[in-house]
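Since the structure comes first, as structure tokens, the remarks are kept for the end.
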2 protein chains.
Amino acid sequence: MVRKQLTGDQPLRLDNQICFAVYSAAHAFNRVYKPLLDRLGLTYPQYLVMLVLWERDDVPLKDIGEKLFLDSGTLTPLLKRLEAAQLVKRTRSTEDERQVLISLTPQGHALKEKARAVPQSILAASDCSVSELVAMKNEIVALRDRLNAVIGE
Amino acid sequence: MVRKQLTGDQPLRLDNQICFAVYSAAHAFNRVYKPLLDRLGLTYPQYLVMLVLWERDDVPLKDIGEKLFLDSGTLTPLLKRLEAAQLVKRTRSTEDERQVLISLTPQGHALKEKARAVPQSILAASDCSVSELVAMKNEIVALRDRLNAVIGE
DNA sequence: TCACACTTAATTGTTCGCAATTGAACACGC
DNA sequence: GCGTGTTCAATTGCGAACAATTAAGTGTGA
């Protein structure tokens, strides 16, 4: 009966929950990134926004939100801080005045070069081969997308 | 040369970053948990604390922090909210008055039974076999621990 | 014993993250 | 054209998350 009792509790054990693994890994990543991003003057979510803009400039706020799974309640104040840091500019679209377009300033563009060092440092910290990381990334993304599909129902 | 340019940018592409995969998966989990935990009157971090206490009662705040990788700045207010919800009690240890011991109230204990439904729902939402999830969890935990090892240096 | 370092929680201030609401701009159907 | 519904950003309020500091309790060595 003790065996039965233990079995019944297994699903509730912290160490058995993939979700806690993901949650704590995200925080671990955050802590590794922190000193690297401090040199760029960015927080991690701000860094993500900059990654989006370095790929494509002049993006509507909404598109950034869709890529990062964030809403305007998060992005509006974050982007205002990036604007205060003179890394981005926020302008209302002329053809659709509901939209706010986010574009890089020259400083924002320039920061990309300093940022190139970041992924290298992370790779080193992960102590993992690139192929292993890519495989894991793909699995995690697949899981994330299945979860998001459930939410969308 | 275009080829070269693209290659140089690959490490900075959002979709190539395992860290964004983990970050966005954590948020996806959070969104799936939300409606389930709403029924228990818990947020996700509060749920994690309850998981710890359901495994072992009467735990020092510090130990909870070590298990969840959280510090007193996060846990103190969170535990005060759990206390206000009458799920836990906070008492100073008598043998070491620096420590605050966290223990479950009868309501806190009782909530465990309602919580058993949660992991099942998550499993269903992940649309994955248990063995696949366990394998992924182990990989992610291993990665997290390597990252944490780097931080500790 | 007493100064000093260490441990532990609590506090303060900043930034995320999201739900819910508001208000402005657009699209459409008639 | 004109009301209706939709889209989009901004705002408000609350709960994390963490850095940095404070304060109290404990342990140790001279």
Side-chain angles (χ1 to χ4, degrees), chain A residues 20 23-35 37-38 40-50 59-85 88 90-102 148 151, chain B residues 20 23-35 37-38 40-50 59-66 68-85 87-88 90-102 148 151:
Chain A
F20 174 64
Y23 167 90
S24 54
H27 289 311
F29 266 119
N30 208 342
R31 284 187 281 267
V32 174
Y33 270 97
K34 180 114 196 355
L37 295 181
D38 277 349
L40 307 185
L42 296 174
T43 64
Y44 182 67
Q46 290 170 3
Y47 172 69
L48 291 181
V49 169
M50 295 302 285
V59 187
L61 185 149
K62 183 182 188 314
D63 289 15
I64 297 179
E66 277 169 7
K67 277 195 192 273
L68 303 183
F69 307 99
L70 296 173
D71 68 1
S72 71
T74 301
L75 286 176
T76 296
L78 188 156
L79 288 166
K80 283 184 177 175
R81 283 186 283 271
L82 285 181
E83 190 176 39
V88 307
R90 303 175 333 118
T91 50
R92 288 272 166 190
S93 164
T94 46
E95 61 256 30
D96 184 346
E97 297 216 345
R98 292 170 301 183
Q99 289 191 348
V100 169
L101 298 176
I102 313 298
N148 278 332
I151 298 164
Chain B
F20 175 64
Y23 167 91
S24 54
H27 289 312
F29 266 119
N30 208 344
R31 284 189 281 266
V32 173
Y33 269 98
K34 180 117 199 348
L37 295 181
D38 277 350
L40 307 184
L42 295 173
T43 65
Y44 181 67
Q46 290 169 6
Y47 172 68
L48 292 180
V49 169
M50 295 302 286
V59 187
L61 185 149
K62 183 183 190 311
D63 289 15
I64 298 178
E66 278 170 7
L68 302 182
F69 307 97
L70 297 173
D71 67 1
S72 70
T74 301
L75 287 175
T76 296
L78 188 157
L79 288 166
K80 283 184 178 175
R81 282 188 283 270
L82 285 181
E83 190 176 38
L87 295 172
V88 308
R90 303 175 332 119
T91 50
R92 287 274 166 189
S93 163
T94 47
E95 61 256 30
D96 183 346
E97 297 216 346
R98 290 169 303 183
Q99 289 191 347
V100 169
L101 298 176
I102 313 299
N148 278 332
I151 298 164

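Every chain is numbered from 1 and lettered A, B, ... according to where its sequence line falls, protein lines coming before strand lines.
- The CG-P distance, from A/Leu61 to D/dA9, rounds to 5 Å in whole Å.
- Computed from coordinates, the B/Ile102 CD1 to C/dA9 C1' distance equals 10 Å when rounded to whole Å.
- Rounded to a whole Å, the CD atom of B/Glu95 is 19 Å from the P atom of C/dT7.
- Of all the heavy atoms in B/Leu37 and B/Tyr44, the pair that sits closest is CD1-CA, 3.6 Å.
- Taking 4.0 Å as the cut-off between side-chain N and carboxylate O, A/Asp38 and A/Lys34 count as a salt-bridged pair.
- Phosphate contact (OP1/OP2 of C/dC16, side-chain N/O of A/Gln46, threshold under 4.0 Å): present.
- Across all their heavy atoms, B/Asp63 and B/Val59 have their closest contact at CB-CG1, 3.4 Å.
- An OP1 or OP2 oxygen of C/dA10 is reached within less than 4.0 angstrom by a side-chain nitrogen or oxygen of B/Thr76.
- The CG atom of A/Leu68 sits 12 Å away from the P atom of C/dC16 (whole-angstrom rounding).
- Straight-line distance from the CD atom of B/Gln99 to the P atom of C/dT8: 6 Å, rounded to whole Å.
- Regarding contacts with the backbone of C/dC6, every side-chain N or O of B/Arg98 stays at 4.0 angstrom or more from both OP1 and OP2.
- Residue-to-nucleotide contacts include a donor-acceptor pair under 3.5 Å from the side chain of B/Ser72 to the base of C/dA10.
- Here the P atom of nucleotide D/dC18 and the OH atom of A/Tyr33 are 16 Å apart, to the nearest Å.
- Residues A/Tyr47 and A/Leu42 approach most closely at CA-CD1, 4.1 Å, considering heavy atoms.
- Between A/Tyr23 and the phosphate of D/dA17, there is a side-chain N or O to OP1/OP2 separation shorter than 4.0 Å.
- Rounded to a whole Å, the CG atom of A/Asp96 is 12 Å from the P atom of D/dT7.
- In this structure, A/Arg81 reaches the C/dC16 phosphate: one of its side-chain N or O atoms is under 4.0 Å from OP1 or OP2.
- Between B/Val88 and B/Met50 there is a side-chain heavy-atom pair separated by less than 4.5 Å.
- Comparing B/Tyr44 and A/Lys34 along DNA chain D, the residue whose closest nucleotide (by nearest heavy atom) sits nearer the 5' end is B/Tyr44.
- Between A/Pro77 and A/Asn30, the residue anchored closer to the 5' end of DNA chain D is A/Pro77, taking for each the nucleotide with the nearest heavy atom.
- Side-chain atoms of A/Glu97 lie closest to C/dC26 of the nucleotides D/dT26, C/dC26, D/dA16.
- As judged by a 4.0 angstrom heavy-atom cut-off over every strand, B/Thr43 is placed among residues touching the sugar-phosphate backbone only.
- Distances were taken from every side-chain heavy atom of A/His27 (C-beta onward) to each of C/dC18, D/dA17, D/dA9; the shortest belongs to D/dA17.
- As rounded to whole Å, 8 Å separates atom C1' of C/dT15 from atom CG of A/Leu78.
- Residues A/Leu61 and A/Ile64 are not in side-chain contact: their nearest non-hydrogen atoms beyond the backbone lie 4.5 Å or more apart.
- Distances shorter than 4.0 Å separate some side-chain N or O of A/Lys80 from OP1 or OP2 on D/dT11.
- For B/Arg90 and C/dT8, the shortest distance from a side-chain N or O to OP1 or OP2 is not below 4.0 Å.
- Looking at heavy-atom distances under 4.0 Å, B/Leu75 makes no contact with the nucleic acid at all.
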